[in-house]
Participant: 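Got a structure for you, questions after.
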Amino acid sequence: MVQRRSLALPHGVPVLALSFLACVATGVELSVNNHAADFTLSTGLSPAISLSCLVHNSSQAEELLWYRGAGQVDLKDGNKVNISNICISPVNESDNGVTFTCRLARDKAVQVSVTLDVQFPPQLSGEETLQVEEEKDVTLTCNSKSNPQGQSTWLKDNQSLTLQQSHHKLYQTSEVFQLSISKVQKSDNGTYTCLVESRLGNGTRDFHLIVEDKKPVFPKEAVIAAVVVVTITILFGIVAQKDKFLKVW
């Protein structure tokens, strides 16, 4: 009778094998444009920039995924394995602050992200002509986009605007620059210029303020009082002539 012998492995071999496999699985690394960690890419407005994601420390074919923010980027079949490239064309203001992430398909924890820092000169917008009645309030709103953020000032008729504490009020955020004028007068007529200055250039936007004559206020109270007086007069007249009405009947 033939006895079958089982091949006994040393006690430590399974543990070593598992450790080796774990090392292989977690040893895969990615780089984007030669950066192995998250980074910021500074650029200006340009026709295009490219991002290249590369797999390191893997002996097998690895599928890659690209994301713009939370949305996945569609890749062609020949642009997914071990190396993957995407092109951003053109690079404009809307790309500023957007994060692109390259991830390993089988382990999305393996990833590298790049955040775009798109720098551009001031770009301004806002309603160009405003008509307001005398003694009313008005607000000129200058919408401003720039990176880096510029310094904002207001001009009137190409001269520095002298702010009056009880008459003018300024409000500013990173993208909005407002000038409020309380109880406008004829002297407030003119062209107001929103000027934003940055190291990449300057931007201007003209606002034409037209102050119209104050319209006469409709005397509601006087009309109501007149109607009341006329109504009472008619009632008194009817009462005074009631005897004649009775005789006719």
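Predicted model, so just to flag it, every value in this text is computed and none were measured.
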Participant: Less than 4.5 Å apart, any side-chain heavy atom of Lys80 and any of Leu64?
Facilitator: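 The answer is no, as the side chains (C-beta and beyond) never meet within the 4.5 Å cut-off.
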Participant: Going by heavy atoms in the side chains, are Trp154 and Leu140 under 4.5 Å from each other?
Facilitator: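 Yes; the side chains approach each other to less than 4.5 Å.
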Participant: Quick check on the hydrophobic clustering: are Val32 and Val110 connected, directly or via other members, by side-chain heavy-atom contacts under 4.5 Å?
Facilitator: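 Shared cluster, yes.
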Participant: Atom CG in Asn158, atom NZ in Lys156: separation rounded to 0.5 Å?
Facilitator: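 Atom-to-atom, Asn158:CG and Lys156:NZ are 12.0 Å apart.
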Participant: Which value, rounded to the nearest 0.5 Å, describes the distance between Ser146 atom OG and Gln119 atom CD?
Facilitator: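 Ser146 atom OG to Gln119 atom CD measures 10.5 Å (nearest 0.5 Å).
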Participant: Keeping the roles fixed (side chain from Asn79, backbone from Lys76), state whether a donor-acceptor pair exists under 3.5 Å.
Facilitator: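 Here the side-chain-to-backbone pair does not exist.
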Participant: How far apart are the C-alpha atoms of Phe207 and Leu130, what are their side-chain angles, what is the distance that settles it, and do they pass the side-chain contact (heavy atoms from CB on, under 4.5 Å) test?
Facilitator: CA-CA 7 Å; Phe207 296 82; Leu130 296 93; 4.2 Å; yes
Participant: Any Lys/Arg nitrogen of Arg106 or Glu62 sitting under 4.0 Å from an Asp/Glu carboxylate oxygen of the other?
Facilitator: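 The answer is yes: the pair qualifies as a salt bridge.
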Participant: Do Asp206 and Tyr192 have side-chain heavy atoms sitting under 4.5 Å apart?
Facilitator: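 They are not in side-chain contact.
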Participant: Donor-acceptor check, side chain of His168 to backbone of Gln164, threshold 3.5 angstrom: yes or no?
Facilitator: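 Yes; at least one donor-acceptor contact below 3.5 Å.
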Participant: Does the side chain of Gln165 come within less than 4.5 Å of Leu163's, by heavy atoms?
Facilitator: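 A side-chain contact is absent here, since even the closest heavy-atom pair is not under 4.5 Å.
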Participant: CD of Glu135 to CD of Gln185: how many Å apart, nearest 0.5 Å?
Facilitator: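 One gets 5.5 Å once the value is rounded to the nearest 0.5 Å.
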Participant: Would you please say whether a donor-acceptor pair under 3.5 Å links the side chains of Trp66 and Ser84?
Facilitator: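 Judged by distance alone, the side chains do pair up.
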Participant: Okay, side chain of His56, backbone of Leu30: is any donor-acceptor separation there less than 3.5 Å?
Facilitator: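 Not confirmed, His56 side chain does not pair with Leu30 backbone.
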Participant: Side chains of Asn96 and Val98, heavy atoms from C-beta outward: is any pair under 4.5 Å?
Facilitator: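 With C-beta onward as the side chain, the pair stays apart.
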Participant: Return yes if a side-chain donor-acceptor contact under 3.5 Å exists between Ser174 and Gln149, otherwise no.
Facilitator: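 Distance-only check fails for Ser174 and Gln149.
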Participant: Given the rule in the side-chain contact (heavy atoms from CB on, under 4.5 Å) test, do Phe177 and Tyr171 qualify, once you have shown the distances and angles that lead to the verdict?
Facilitator: CA-CA 6 Å; Phe177 188 42; Tyr171 172 79; over 6 Å; no
Participant: Could you verify whether a donor N or O on one side chain and an acceptor N or O on the other, from Thr191 and His208, lie under 3.5 Å apart?
Facilitator: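 On atom types as modelled, these side chains qualify, holding a pair under 3.5 Å.
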Participant: Would you say the side-chain atoms of Ser180 and Thr139 include a donor-acceptor pair closer than 3.5 Å?
Facilitator: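 Yes, a side-chain donor-acceptor pair sits under 3.5 Å.
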Participant: Could you list the donor-acceptor pairs under 3.5 angstrom formed between side-chain atoms of residues 40-53 and any protein atom two or more places apart in sequence or on another chain?
Facilitator:
| residue | atom | partner | partner atom | Å |
| --- | --- | --- | --- | --- |
| Ser42 | OG | Asp117 | OD2 | 3.1 |
| Ser52 | OG | Asn85 | OD1 | 2.7 |

Participant: Determine whether Cys102 and Tyr67 satisfy the following criterion, side-chain contact (heavy atoms from CB on, under 4.5 Å), listing intermediate values before the conclusion.
Facilitator: CA-CA 7 Å; Cys102 179; Tyr67 291 82; over 6 Å; no
Participant: First locate atom CG of Leu200, then atom CG of Asn147, and finally report the distance between them rounded to the nearest 0.5 Å.
Facilitator: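 Reported value, rounded in 0.5 Å steps: 8.0 Å.
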Participant: With the side chain counted from C-beta on, respond yes when Asn189 and Val211 share a heavy-atom pair under 4.5 Å apart, and no when they do not.
Facilitator: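 Side-chain contact under 4.5 Å: yes.
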Participant: Regarding Arg205 and Glu128, does a basic nitrogen lie under 4.0 Å from an acidic carboxylate oxygen?
Facilitator: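 A salt bridge is present here (some side-chain N lies under 4.0 Å from a carboxylate O).
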Participant: Where do Gln123 and Glu93 land on the side-chain contact (heavy atoms from CB on, under 4.5 Å) test, with the steps shown first?
Facilitator: CA-CA 10 Å; Gln123 299 180 351; Glu93 303 84 357; 2.4 Å; yes
Participant: Val176, Leu170: one ILVMFWY side-chain cluster at the under-4.5 Å cut-off?
Facilitator: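 Val176 does not cluster with Leu170.
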Participant: Hey, could you give me the OG1/CD distance between Thr129 and Gln131, rounded to the nearest 0.5 Å?
Facilitator: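 It is 7.5 Å, given to the nearest 0.5 Å.
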Participant: Treat each ILVMFWY residue as a node, draw an edge where side-chain heavy atoms are under 4.5 Å apart, and state whether Ile181 and Leu155 are in one component.
Facilitator: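 Result: no, two separate clusters.
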Participant: Salt bridge check, Arg68 against Asp95: does any charged N sit closer than 4.0 Å to a carboxylate O?
Facilitator: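 Between Arg68 and Asp95 there is a salt bridge, with a charged N closer than 4.0 Å to a carboxylate O.
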Participant: In terms of side-chain heavy atoms, does Gln178 have a donor or acceptor partner in Gln172 at a distance below 3.5 Å?
Facilitator: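 There is no such pair between these side chains.
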Participant: Is there a donor-acceptor pair closer than 3.5 Å between any side-chain N or O of Asp38 and the backbone N or O of Ser113?
Facilitator: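 Answer holds: yes.
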Participant: Is it true that atom CG of Asp157 has more than 12 heavy atoms of other residues, nucleotides or ligands lying nearer than 6.0 Å?
Facilitator: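 It does: Asp157 CG has more than 12 such atoms within range.
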Participant: Can Ile83 be reached from Leu104 by stepping across I, L, V, M, F, W or Y side chains whose heavy atoms are under 4.5 Å apart?
Facilitator: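 No, no single cluster joins them.
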Participant: Could you check if a side-chain atom of Thr99 sits within less than 4.5 angstrom of a side-chain atom of Val114, using non-hydrogen atoms only?
Facilitator: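 Side-chain contact under 4.5 Å: no.
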Participant: Do other residues, nucleotides or ligands put more than 12 heavy atoms under 6.0 Å from the NZ atom of Lys169?
Facilitator: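 For Lys169, atom NZ is not crowded (no more than 12 foreign heavy atoms under 6.0 Å).
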Participant: Answer yes or no: is there a donor N or O on one side and an acceptor on the other, between the side chain of Thr193 and the main chain of Leu195, under 3.5 Å?
Facilitator: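 No: the side chain of Thr193 does not pair with the backbone of Leu195.
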Participant: Give a yes or no on whether the backbone of His35 and the side-chain of Ser31 come within a donor-acceptor separation of less than 3.5 Å.
Facilitator: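 Judged by distance alone, no pair lies under 3.5 Å.
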Participant: Can you tell whether the side chains of Asp213 and Lys186 come within less than 4.0 Å, N to carboxylate O?
Facilitator: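 Yes, charged N to carboxylate O under 4.0 Å.
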Participant: Can you tell whether the side chains of Lys214 and Glu133 come within less than 4.0 Å, N to carboxylate O?
Facilitator: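 Salt bridge absent between Lys214 and Glu133.
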Participant: Can you see whether Gln72 engages Arg103 through a side-chain donor-acceptor pair at a distance of less than 3.5 angstrom?
Facilitator: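 Absent: no donor and acceptor within the cut-off.
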Participant: Does Asn82 use its side chain to pair, donor to acceptor, with the backbone of Val55 at less than 3.5 Å?
Facilitator: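 A pair under 3.5 Å: no.
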Participant: Between Ile88 and Val73, is there a shared hydrophobic cluster once you connect ILVMFWY residues whose side-chain heavy atoms come closer than 4.5 Å?
Facilitator: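 Shared cluster, yes.
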Participant: Measure the CG-CD distance between Leu124 and Glu175 for me, rounded to the nearest 0.5 Å.
Facilitator: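 One gets 11.5 Å once the value is rounded to the nearest 0.5 Å.
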